S.K.: 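What follows is a structure written as structure tokens; I'll ask about it next.
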Amino acid sequence: MEIELTAEQRAFRESCGKLAANLAARWHRGRGPHDIDPPTPGDDSWSRVVDSGWLAIGLREENGGAGASVVDLTVLAERLGYHAVPAPVLGAVIAAEQLQTWNAPPGLLQDLAEGGLRLAPALDAGLRTLAGAAENSLAWDAAGAEAAVIPATGVAHALGDALPFADPTRAVRPLGAPSGLPAITLTPPGEQALARLGAFTLSLLTADLLGTMQAALDAAIDHARTREQFGAPIGSFQAVQQLLADGHVLVEATRSASYHAAWAVDALPGAEALRAARVAKAFASRSAVEVCESAVQVFGGIGMTWEAPAHIWLRRAHTGRTVFGDEHHHQGVIADDDPHRS
Amino acid sequence: MEIELTAEQRAFRESCGKLAANLAARWHRGRGPHDIDPPTPGDDSWSRVVDSGWLAIGLREENGGAGASVVDLTVLAERLGYHAVPAPVLGAVIAAEQLQTWNAPPGLLQDLAEGGLRLAPALDAGLRTLAGAAENSLAWDAAGAEAAVIPATGVAHALGDALPFADPTRAVRPLGAPSGLPAITLTPPGEQALARLGAFTLSLLTADLLGTMQAALDAAIDHARTREQFGAPIGSFQAVQQLLADGHVLVEATRSASYHAAWAVDALPGAEALRAARVAKAFASRSAVEVCESAVQVFGGIGMTWEAPAHIWLRRAHTGRTVFGDEHHHQGVIADDDPHRS
Amino acid sequence: MNFADDPAEAGFRAGLRAWLRDHLDEHREGTGYESAESVERTLRWHRALAEAGYVGLSLPAAYGGHGLPDVYEGILNEELATAGAPASPPIGHIAHAVADFASEELKARVLPGLLGCAEVWCQGFSEPGAGSDLAGLTTTATADGDRFVVNGQKIWTSGAMWSDRCLLLARTEPGLARHRGLSMLVVDMRSAGVDCREIVLASGSREFAEVFFDDVSVPAANLVGERGQGWRIAMHMLAYERGPADMGWVGRLGRVLAEAREDVRTGRVAADAGLRLRLAEAAVDVEVLRWHVARSLAGRGGGSDGAAGSVDKLLTTRVEQNLYRVVSDLAGPSFVLGAPGPFADYLWSRAQSIYGGTQQIQRQIVAQRVLGLPRA
Amino acid sequence: MNFADDPAEAGFRAGLRAWLRDHLDEHREGTGYESAESVERTLRWHRALAEAGYVGLSLPAAYGGHGLPDVYEGILNEELATAGAPASPPIGHIAHAVADFASEELKARVLPGLLGCAEVWCQGFSEPGAGSDLAGLTTTATADGDRFVVNGQKIWTSGAMWSDRCLLLARTEPGLARHRGLSMLVVDMRSAGVDCREIVLASGSREFAEVFFDDVSVPAANLVGERGQGWRIAMHMLAYERGPADMGWVGRLGRVLAEAREDVRTGRVAADAGLRLRLAEAAVDVEVLRWHVARSLAGRGGGSDGAAGSVDKLLTTRVEQNLYRVVSDLAGPSFVLGAPGPFADYLWSRAQSIYGGTQQIQRQIVAQRVLGLPRA
């Protein structure tokens, strides 16, 4: 057993964090829900994303990628969550991974890796799984994306305007008519490869949730250290300490689950990896909401205002929880895994 | 609206409390599970119960009772719970009420009211509802009882030895062969009267749970005031205060629910009263366990020992929760009350 | 023991229902604070209620009230919520502060406008540095001949942008520590030196504001009660702030619950067995809350102590936050996707454990004042 | 990142499984502390493990240990629990205290008996007045020439009635406050003046005792480390008390979970959809706990700080108490009726938030030492 990030991964984490903070700082969430910047990155931001190689590293080398491990990718996803980055990196990475799994031609994947073609993943209307057909399906994390591909048909669909979504850092857009892109020749993957794709997706979402809850907790701790009431920092009160300590426990447990799920995608057969990822996503979904709610509580009144960042984390926790299935969804699958009589 | 006990009810509460404390003090729970007094009351204790009129007050006057309200009876039940009285008063009262509902002859009910004949109610094997047949059924709160009657047949069944039961203050005994008592001629009640009987039973159990949780909370508060750690009473620590405050909230809410359920038995049609009683029993079942668990937590290590009373309350909370249906059972019924499609 | 209305209560309730049947349609557009129009609708609703005799129910008739027990305020709020009507004007506690403490002159001058809803009032208590620790507030009202000069800043002032007057808690006795140095003043919001800045909530609500006071002159005759009596009056207000409003809150939760059950019943929303059981659990909670609030309200004569109110608030928060958890799970993806209403309602449920004193402070109040546990 | 065994770990695990296959049957009757016979069975099991080389895995070979990393202790405990075998002797932390601090003479004298399980040891830390506040203990060990004279009372001493020796934390420096005045001594439990009184738990367990020391003479050579070093040694022990034992605990919870799932799968227990979903939720918790504990254990070299242990303990308690809530609801009436095992297991799960420092204290440790929040 060897359960920690390597020195290289820690260095990568730091560089990801720097760019993520920079990207987040370029976006302004406005003075209220009536006044929000769209999450679409500007050209300058997008070229920084492309130059960083974030869109390429996860792809195999023959497809223009660096063949990085899923653990590496979750290091990135955690930092994106931590800084609540609005640029649609996860959407682009998941769309590319899906096409790679469906054996898309290397040229297309290279286009994605280089950010020239911007795709988003298509999900069913309940945002639970990757869509099998275009009808009623929704592209997620689709700000600035040109299209979303339905692998079963190879057709790239144009995307409509963003729908109202609780999370202002990510866009959800309905699939429309086929876009101008030529149809793509794809080969359906085997069952294990499909399961691995599911595990891959859930691992990234888990890491995003981990970063989100860590950010909310860190900010709440900072606030508790400095905000004074009754002549003392509120962080010196036992009731506040109990809340924050429980938050830390959940963050660390989620981190363990996230590491395990990411490791499993590369190390275990697809079905086992998917099970590990379901466990991690279910745990992260409930824990992220709980920790972000605690953070809002510690912030007090100020945490309920639009100008405080607390609600952005809470929104990202809730939407990250919903997308690709919340804890009830995955626990339902786990419950059904056991055949039963009653 | 007039939602409080009358002066007479408060006086009755005090006199019930005195005798309940006395009965409890005559019973010793021993030095461990290997060394427990049975809950069967001695002759002297039982005659005090009979002399107090507890077995009679709830019955109608023509049946040798005093026609007291169900609120009065729950005043008694709450005090029985508070002192964790082992004498089978609730069992006897419920058995008598069941027979009165099934229109038993006045002479028999008078025997019960005077404590000459000692019966216990028969429940199904899951301890959820009054039994419809003798097979596999169990008499509850049956210490010292001679028999349990199955109303559908009018047959009184002898009772076997007490089964192992988590609560040492109450005996559960299997129904055996018909006892020597002559069969009783009974007339089935209507649907509303049966519903009222269900509401009656649940109201008494709710009040018993209320007393149990109040006793546990009071003792935990006393302990927190006197036990010192880190140079101060542990009750001055905010973390302990938070636990106990939440306990108090649950006790007061349960009291409101208990009053309402008891009032409803006499004031509303049977079906409505039963619904009110289900709500109260469900809420009391979860709350009693939560409050007693918190009390154990506040007691710390000492609360885990046999010699401390904390586990007796926790046991009584768990068994009172189970008997006549726990929160899941009643909430299941409430969920099914709404016809649904899914 | 009687959980049902007595004949007078039943008559009041029936009359109110009839009035709502006849008048609610005129106010179907609802109320709000997002814009001048929605504020105008809010004021129109409040004035209609006042005209019909439904404002100031528990205030003495001499000052434009109706001299009824608190329980009538509870019935009013419950019926409005159950009917889906906008809420009643939240002024009972302000009116009681003035009616129970102010001079006859001040009462005669301001109560008719308040109770007739001709004037809009707000309450200036919380400050950026004094939220849960209200006694630590620093806004000063310095006595200067026949006036006070107010300087400082308030926050979370509901409706401040639209108010004519403010009941202000400020420090008048700089020599006295914490709560002993406070007094209560009626401040004209049109005075020179009063400045409001809107606070937009995460839910999108624009009801609150920060209020800045810069050398604001307030006539000494606008002092409510005596100098140094401010804390006592504020605590007195707390008793009127909760009880009756709680009934309205229960009515609102009951409506949310009923809608959710109807959605499940009709199949509009797909609910698995687990969700249906959680909904039944929430139904139990809401019903118990209703009987508990009724007991609190019926059990007190005029006013109750604030600590008992903390018990009710903790219970309400627990029930509400659990209910919204279930309702949001029932909504599934439409909780986060599409119309923002459900998510805004959820955010509001999270505020319940903060506004009016955090859950942590409420528990401490219960522990120390009700259970008698020692202070640290 | 590698959650799987490396080749050496895998080899150790395979060897252990083979050994269990061959020897577990001899110990099917289980272990316990209820009677002389069950204690004899316990000792026989411990000695069998020691003989097979499974005791003192992380202790230096020079003192009878095996010089392996902590993770091997974790594998041992996990495999024992998963196989349903009795637990390993809980002496790792005691052995580390002696091995890492005692004189060569003392080590040579006592470690072979401890690691060979020829002698039974207990740990005398908690006192009636010093539970969560261990630094407030009052048992004294007064230096008197070449010996200490011990007076006082310990509580929650596991296995005291059957022990040969006790590692005792006592106050040797009356002039120094709280934790600075403490030292660690090895006390012969057969000494004159040592008296044990059994504590029966609510669950029926008879493992614990109170121990009374009345002018008990202890040779000065039995001092572990230096005078005044007791607190430091006790904190050092904490690091060895949790991690590997946590793996055993996870194994045990995994077994409870697997049995419950099997009961549902086979229909032995009727579970509605709500219960099946709650069981799946508990399964998620237990799996996450497993990976978390593995990460804690693998991530530390030799020993870790106690505050990280508090995180693991809080997580374990949360997971365990939720699991037992589900398991007890699955059991239905047989949770309270019939064999007392399920209820006793539940009571034990409630003790997890108390023993070894209450949940409240653990959270405070995490808040102050890990998160850096200020002390009150």
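Please read these numbers as outputs of a predicted model, since none were measured by experiment. The sequence lines fix the lettering, A, B, ..., with proteins before strands; numbering per chain opens at 1.
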S.K.: What is the distance from atom CG of D/Leu373 to atom CG of A/Asp222, rounded to the nearest 0.5 Å?
M.R.: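 That separation rounds to 9.5 Å.
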S.K.: Check whether D/Leu275 gets within reach of chain A through its side chain, its backbone, both or neither, counting any heavy atom under 4.5 Å.
M.R.: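 Contact with chain A involves no heavy atom of D/Leu275 at all.
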S.K.: Shortest non-hydrogen contact from A/Gln241 to D/Pro374?
M.R.: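 Taking every non-hydrogen atom into account, NE2-O, 2.9 Å.
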S.K.: What part of A/Tyr259 is in contact with chain D, defined as an atom under 4.5 angstrom from a non-hydrogen atom: side chain, backbone, both or neither?
M.R.: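 Both backbone and side chain.
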S.K.: Atom CD in D/Glu287, atom OG in A/Ser256: separation rounded to 0.5 Å?
M.R.: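 Rounded to the nearest 0.5 Å, the CD-OG separation comes to 13.5 Å.
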S.K.: Go through the atoms of A/Leu268 and report whether side chain, backbone, both or neither lie under 4.5 Å from a heavy atom of chain D.
M.R.: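 For A/Leu268, no heavy atom lies under 4.5 Å from chain D.
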S.K.: Kindly assign one of parallel, tilted or perpendicular to the pair D/Trp291 and A/His260, based on the angle between their ring planes and the thresholds 30° and 60°.
M.R.: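 D/Trp291 and A/His260: parallel rings.
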S.K.: Quick check for you: among A/Leu250, A/Val240, A/Leu5, A/Thr6, which has the greatest number of heavy-atom pairs under 4.5 Å with chain D?
M.R.: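 Most heavy-atom pairs within the cutoff with chain D belong to A/Leu250.
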S.K.: Counting heavy-atom pairs under 4.5 Å to chain D, which of A/Arg225, A/Gln242, A/Glu4 comes out on top?
M.R.: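 Highest number of heavy-atom pairs under 4.5 Å: A/Gln242.
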S.K.: So, for D/Ala280 and A/Ile334, which heavy atoms are closest and what is the spacing to 0.1 Å?
M.R.: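 Nearest pair, atom of D/Ala280 first, then A/Ile334: CB-CG2, 4.1 Å.
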S.K.: Which heavy atom of D/Leu371 sits nearest to which heavy atom of A/Leu244, and what is that distance?
M.R.: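 It is CD1-O, 3.6 Å.
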S.K.: Output the residues of residues 199-216 of chain A for which the shortest heavy-atom distance to chain D is under 4.5 Å, in residue-number order; output 'none' if no such residue exists.
M.R.: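 When heavy atoms of chain D are the reference, residues 199-216 of chain A contributes no residue within the under-4.5 Å range.
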S.K.: Taking all atoms of both residues into account, what is the closest heavy-atom pair of A/Ala335 and D/Arg276, and its distance?
M.R.: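 So the minimum-distance heavy-atom pair works out to O-NH1, 3.2 Å.
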S.K.: Do NZ/NE/NH1/NH2 and the carboxylate oxygens of D/Asp285 and A/Arg286 come within less than 4.0 Å?
M.R.: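 Looking at A/Arg286 together with D/Asp285, the answer is yes, because their closest N to O distance falls below 4.0 Å.
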S.K.: Contact part of A/Val71 toward chain D, heavy-atom cut-off under 4.5 Å: side chain, backbone, both or neither?
M.R.: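 A/Val71 touches chain D through side-chain heavy atoms alone.
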S.K.: Is it true that the side chains of A/Gln238 and D/Gln364 contain a donor and an acceptor less than 3.5 Å apart?
M.R.: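 On atom types as modelled, these side chains qualify, holding a pair under 3.5 Å.
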S.K.: In Å and rounded to the nearest 0.5 Å, what is the CD to CG distance from D/Gln362 to A/Asp246?
M.R.: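 These two atoms lie 11.5 Å from each other.
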S.K.: For D/Glu262, does the CD atom have more than 12 heavy-atom neighbours from other residues, nucleotides or ligands under 6.0 Å away?
M.R.: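 More than 12 heavy atoms, drawn from other residues, nucleotides or ligands, come within 6.0 Å of this atom.
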S.K.: Does some side-chain heavy atom of D/Val311 sit less than 4.5 Å from a side-chain heavy atom of A/His248?
M.R.: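 Yes, at least one pair of side-chain atoms sits under 4.5 Å.
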S.K.: Return the option, out of A/Glu290, A/Arg278, A/Gln9, with the maximum number of heavy-atom pairs under 4.5 Å with chain D.
M.R.: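 Looking at each option in turn, the highest pair count goes to A/Glu290.
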S.K.: side-chain contact (heavy atoms from CB on, under 4.5 Å), that's the test. Do D/Glu9 and A/Met1 meet it? Break it down for me.
M.R.: CA-CA 8 Å; D/Glu9 290 160 355; A/Met1 286 190 257; 4.0 Å; yes
S.K.: With a 4.5 angstrom heavy-atom cut-off, which part of D/Arg318 approaches chain A: side chain, backbone, both or neither?
M.R.: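 Only the side chain of D/Arg318 comes within 4.5 Å of chain A.
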S.K.: For D/Val284 versus A/Val279, what's the shortest heavy-atom pair and its separation?
M.R.: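 Scanning both residues completely, I find the closest heavy atoms to be CG1-O, 3.6 Å.
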S.K.: State, to 0.1 Å, how close D/Leu315 and A/Ala253 come at their nearest heavy-atom pair, and which atoms those are.
M.R.: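 Scanning both residues completely, I find the closest heavy atoms to be CD2-CB, 3.7 Å.
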